[in-house]
Amino acid sequence: MATSGLQVGGFVLGLIGVAAVIAATAMNNWSTQDRQGDVVTAVYTYKGLWQDCEVSTSGFTECRPLYGLLGYSGQFQAVRAMMLIGIILGVIGSVISLFSLKCFKMGNTEDLTKAKMTLTAGIMFAIAGVCGIIGASIYANQIVASFRMTSYNPNYGGMNQMEMGGMGGMGMSLANRFTFGPALFVAWIGGGQLIIGGVLKCVAFRSLHAESTPYKAVAYKVPAQSRSEDKASERGQKYV
């Protein structure tokens with residue numbers, strides 16, 4: 001029962017974590033404009049991995065897709081790659097985890113095979129979670145670096161006019177400094193759930209492996225012919 005609970009718990013956490021990582025990757029608000037000191041008529045900007053969006057005071061939102069590969073920095077491309085790898089590993093791990101559940105009957109699958117599938121799914125969940133956390137952390141580090149390079153000037157209601165290449169690939173204007181967006185927290189939470197789910201699956205593997213490979217003693221039985229010969233020899237010795 002405990003093993004089944006660990007399997008189901010790891011599967012549920014892994015599934016939720018994969019959904020969170022997919023949602024974070026698709027979200028456009030990885031970084032949002034810091035609106036401290038902005039005037040009321042200022043345009044609100046937020047950036048994602050695939051689109052940069054602007055919201056006017058009228059509420060109209062316009063997004064610009066980020067096409068191509070060569071126009072972006074290496075760190076930005078690394079974030080994309082980490083999130084995509086995390087999604088692929090998480091989805092494959094979820095499928096393997098489903099078929100490895102003890103309550104899921106699939107032909108004459110042996111317990112040892114399900115134990116190995118459980119371990120494989122756990123390792124994939126853990127790696128996917130690490131990829132999601134690393135990708136979000138790289139992006140967050142770029143936001144912190146750009147935020148520290150800006151200095152707010154209350155006399156002009158804005159930041160110093162500087163520009164740094166990197167986020168969004170097209171260059172981030174430090175006249176508008178950015179802070180953490182909701183997508184970062186979704187990616188961090190999803191990555192953490194994937195890691196916890198992977199650990200639970202690995203713990204379940206140990207229990208399954210112990211149950212599926214017990215020591216089986218083999219009792220040696222003397223053939224009937226040998227037993228009759230032994231009894232005859234004993235009788236002969238008795239008469240002698």
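Residues take their numbers from the sequence shown, with the count starting at 1. Every heavy atom of this structure was used, including side-chain atoms; hydrogens, water molecules and symmetry mates were not.
- No path of Ile, Leu, Val, Met, Phe, Trp and Tyr side chains, each step under 4.5 Å between heavy atoms, connects L184 with V186, placing them in separate hydrophobic clusters.
- Annotation: the span from K201 atom NZ to L13 atom CG amounts to 10.5 Å, rounded to 0.5 Å.
- Within the 4.5 Å cutoff, the side chain of I195 has heavy atoms near those of the I133 side chain.
- The two residues V21 and G191 come nearest to each other via the heavy atoms CG2-N, 4.2 Å.
- The shortest distance between side-chain heavy atoms of I138 and F76 does not fall below 4.5 Å.
- Between the CG atom in N141 and the CD1 atom in I134 there is a gap of 13.0 Å [rounded to 0.5 Å].
- Here the straight-line distance linking atom CG of N29 with atom NZ of K47 works out to 13.0 Å at 0.5 Å rounding.
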Going through the checks in order, is the side chain to side chain contact (heavy atoms under 4.5 Å, CB included) test met by F11 and L200?
-> CA-CA 9 Å; F11 171 69; L200 291 179; over 6 Å; no
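- Note: the hydrophobic cluster containing V18 does not contain M27 (ILVMFWY, side chain heavy atoms under 4.5 Å, direct or indirect links).
- Looking only at side-chain heavy atoms (C-beta outward), L6 and F205 stay at 4.5 Å or farther from each other.
- The two residues A187 and G132 make their nearest non-hydrogen contact at CB-O, 4.4 Å.
- Residues I16 and I189 do not share a hydrophobic cluster, defined by chaining ILVMFWY side chains whose heavy atoms lie under 4.5 Å apart.
- Looking at C53 and T45, their side chains never come closer than 4.5 Å, going by heavy atoms from C-beta outward.
- Two residues are said to be in side-chain contact when any heavy atoms from C-beta on lie closer than 4.5 Å; R80 and L66 meet this criterion.
- Between the CE atom of M124 and the CG atom of L194 there is a distance of 12.5 Å, given to the nearest 0.5 Å.
- Residues passing the side-chain hydrogen bond (donor to acceptor under 3.5 Å, both in side chains) test with T179, sequence neighbours excluded: none.
- Looking only at distances, no side-chain donor or acceptor of Q7 sits under 3.5 Å from a matching main-chain atom of A204.
- In terms of heavy atoms, G93 sits closest to A121 at O-CB, 3.6 Å.
- You'll find the side chain of Y139 stays beyond 4.5 Å of the side chain of M82, heavy atoms only.
- Cluster membership check: V130 shares its hydrophobic cluster with I87, using side-chain heavy-atom separations under 4.5 Å among Ile, Leu, Val, Met, Phe, Trp and Tyr.
- The minimum heavy-atom distance linking Q51 with C63 is given by the pair OE1-CB, 3.8 Å.
- Looking at S137 and W188, their side chains do bring a donor and an acceptor atom within 3.5 Å of each other.
- Counting only distance, with no hydrogens or angles, the side chain of W30 and the backbone of A24 share a donor-acceptor pair below 3.5 Å.
- Taking CG from L89 and CD1 from I96, the interatomic distance works out to 9.5 Å, rounded to the nearest 0.5 Å.
- Expressed to the nearest 0.5 Å, how far OG1 of T118 lies from CG of L101 amounts to 7.5 Å.
- With contacts defined as side-chain heavy-atom distances shorter than 4.5 Å, the pair V199/F125 does not qualify.
- Contact annotation: the side chain of F60 never approaches that of V55 to less than 4.5 Å [non-hydrogen atoms, C-beta and beyond].
- Formation of a donor-acceptor pair under 3.5 Å by the S100 side chain with backbone atoms of S97 is found in this model.
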